[in-house]
K.L.:
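Here it is, the structure, as structure tokens.
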Amino acid sequence: SSSNSSSLLLLLTVIFFLLCIVLGFFFVVMTARGWSVEEITARLHELRKLEDEEDSLLFNTENRSVKVASMLSTLEHWRIHMKQLHDVAQKLSTDLHSACENALKVSQKVRTLDVVKSRVGDALAHVNNIVDLQDCYDGVQEALDRGEIEKAAVFVHRYNSLDPQLQQQRDPALVTSASEQIKLALEREAARAVEEGDMETLVRWLKSFPLVNAHKEGVMHLVSLITNEVVKNPAPSTPSDNEEKEEKDTKYINAMKRFLNKVVVAIESALPPVETHFGPGGVLFFLSALQTSVDARALATVEEFVDFRSIAHILSQQPHTDWKVLDVVASEVAMLVQPIALFLRFTNARAKNDFEAYEECQKLMNEQECFPLEDRLKGGQLLRSSKLSRRVEELCAQYVTIEAGFLSLCTETALKEDEADSVQGVQVMKSVEDVLFLCRKATRRSFMTLSALGASTVINTVGNTLIMDLVSHIESQMNKISKRRFDFMSLGRHGEEEDVPPFHVWANSVQYLIDLAPKYFGDATSYYEGLSAQIGSDDTGKIKVVIENNRGELEQVTSTLINTGVQKLASSAFSSKIKNLLSLLPYTAYELSEDDFDAVDNACPQMFDVISVLEKEIAQMKGVLLPHLFDKTALRLCQLVRDSIVDEIGGGVFNLLGGLQVERDISYLVSSLSRSMSLPVSDVFAQALDMCLLLSLDDVESVYNYYSSSPHSTTWHLNARTTKEMLAKRSDFDQDKVLALVL
């Protein structure tokens, strides 16, 4: 490295001298070419500057060469140390290789020891199993000899839990024989407990049945006890003639409730031992076995009730059956079905939960812990095999038919016997409240059955009753008398038959139905929510859809009918007298002088006449119409008055004072009507007020302060064409300016 540095310095020195020679030569040449001394001096100065730069570069190069030499010396020093480290690392690698070989040898020995340990463990387990096998052989016989059945059952269970290959080492005949003896003993003791009705003793023996694989036999003894204690009571007999009527009406319902309550209490007391000792699936088998006897007893009560109430005869003769009988039978059927439906849902829910636990146990491959279910029960549903469930569905269908007949007959009677009644001080038809009462009663009963299908069907029947019967009846009566003259001033009769209510009474009836319908549908929604909380929203979701569909259809029909009624009432109030008075308004050529304008007080005399007649008509309407109907009719009357006034203004010619007077007339009319009707009517007359504003402007350009082209404007209600037409009504405006307006 030192020789390289010397060579580099020598090379740089040679380059420097060569550069000097070149510069000298360059100086001579430049002088020969005629350069001046100043130019040569400047070139020389530049060459010296280059020389200084070369010297600086040479100096920096020498310094760097010294540093490079120092670094090379350091690297040489470390090279010596790295060689020493390499030797040490190589020695460590040799030692590590030797240690790995030793570890592999030790690992093989440990693996061998693990195999030996596992074999020893298996041998110990086998020895223990042999000991258990011997203990089972010796213990089961000793326990049987001493009469300890439960202990003997435990030994049999331990034997059955052993490896089948191990069991072959001893003759299984002894255990098999002992198992049969234990079963017989358990059967004998359980039968005695069942006969004596001793639940506590029976539960004591029940826990031994699964130990000898007698799951079904044990559960059947429990079913027998419940059947003897609860189910096999004397069935209710047909009510005697000397029994009170109230007792006859409720006998079967109360008997069914008491019976099912006793069954539920018995099931609740029996489920804990079944779940504890028989494992998943035991509850399902227990409920299935109990179902037959419970169904038979409940069906007997149902059939006695059906015969007592002659339901088959009622269904066959329904159009001619007294509605009072249908009312009683429908209520009793609903009350009878309700406890049965609750009981069936209770048992089915318990069975479903148990079957889910059974499936989970099967997934874990732990079949010894599960109850040996039959294939017919592996769906987890009891309702499909329940005769009582199918009979209740039939009874619900019969109930729906009876309820429909009850609604039809009662509604027909209510409409035939319909008459005017007083509500909120005005007359309405009594049939509205009567029919809604019947519909609410039928709806409430339908939810008592806990049947989503039954409730939905009854609600649809109610909807048809309200629309096809009640609303159609009111509409037909309104159509009959709609062509007759109607005058509020005479309370609605001019030559009409005395037994026919006037038009406004039927219109009141439609409004009364609109007012009461939300209460009915609100009650129906409350019944639905209660049923959903009781049996789950999955089964009742379609009921809400039915309620909303019927609500919407009724609202649509009644809305159309009430609009027709409002139009008729308003048109009748807007009599020819009011039309004639409005036509007398002096707006055809309304160019007032200052004296004429000052002589008018608030409104012109013709407008006072119009307001006087309108106030009388409104007062009469308020006395005979329901509040909501009055509001609708009064507003419609205002619209008719507005349209007529707009036509009068549109056909007139005005000066400034005439326009101001029209504005006073309309403003006074609006304030008078608002006061008489107790309703704000300024929105109804918004267009007329805008017209008055245009007629009272000082100049044409002032329209820009008020006009708005937005269709959603709340301050301006006239389009551009109408605005210009109204400005053209001002005789004192320049018509060219009006036409030139850009709106």
Side-chain angles (χ1 to χ4, degrees), residues 1-27 43-135 158 161-169 360-369:
S1 60
S2 59
S3 61
N4 292 334
S5 299
S6 301
S7 301
L8 180 61
L9 290 174
L10 179 60
L11 178 61
L12 292 174
T13 303
V14 172
I15 292 173
F16 175 74
F17 283 109
L18 289 175
L19 182 61
C20 291
I21 295 171
V22 171
L23 289 175
F25 178 76
F26 175 75
F27 179 76
R43 300 297 181 184
L44 181 60
H45 180 71
E46 292 178 2
L47 290 175
R48 287 177 180 176
K49 185 178 180 179
L50 291 174
E51 182 180 0
D52 293 339
E53 291 177 358
E54 292 294 336
D55 290 342
S56 175
L57 178 61
L58 180 61
F59 178 77
N60 291 335
T61 303
E62 289 178 352
N63 290 337
R64 290 179 181 176
S65 64
V66 173
K67 292 181 180 179
V68 170
S70 176
M71 292 175 64
L72 290 174
S73 176
T74 303
L75 289 175
E76 181 66 21
H77 176 72
W78 279 108
R79 186 181 66 80
I80 297 172
H81 286 287
M82 290 298 292
K83 186 175 184 306
Q84 294 175 355
L85 290 174
H86 176 267
D87 295 339
V88 173
Q90 190 171 13
K91 183 176 182 304
L92 289 175
S93 175
T94 303
D95 295 341
L96 182 61
H97 181 70
S98 176
C100 289
E101 291 180 349
N102 293 332
L104 289 174
K105 294 178 181 179
V106 172
S107 176
Q108 292 177 353
K109 292 181 179 180
V110 170
R111 191 179 300 110
T112 303
L113 289 175
D114 287 341
V115 173
V116 173
K117 180 180 178 181
S118 176
R119 291 176 179 175
V120 170
D122 293 341
L124 289 175
H126 187 68
V127 171
N128 290 332
N129 289 336
I130 293 175
V131 173
D132 286 343
L133 181 63
Q134 187 62 40
D135 289 343
R158 285 176 58 188
S161 301
L162 295 174
D163 188 357
Q165 294 182 355
L166 184 63
Q167 294 176 5
Q168 300 300 323
Q169 295 181 9
E360 189 66 26
C361 185
Q362 290 289 321
K363 291 179 181 178
L364 297 175
M365 304 300 291
N366 194 5
E367 296 186 2
Q368 291 184 353
E369 299 295 330

K.L.:
Under a 3.5 Å distance rule, please check whether T94 uses its side chain to pair with a backbone N or O of Q90 as donor and acceptor.
P.N.:
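Yes; at least one donor-acceptor contact below 3.5 Å.
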K.L.:
Measure the spacing between CG of L57 and CG of D52 and express it to the nearest 0.5 Å.
P.N.:
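Interatomic distance, L57 CG to D52 CG, rounded to 0.5 Å: 12.5 Å.
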K.L.:
Mind checking the OG-NZ spacing from S70 to K67? Nearest 0.5 Å is all I need.
P.N.:
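The NZ atom of K67 is 10.0 Å from OG of S70, to the nearest 0.5 Å.
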K.L.:
Determine, for D95 against K91, whether the closest basic-nitrogen to carboxylate-oxygen distance falls under 4.0 angstrom.
P.N.:
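Yes, charged N to carboxylate O under 4.0 Å.
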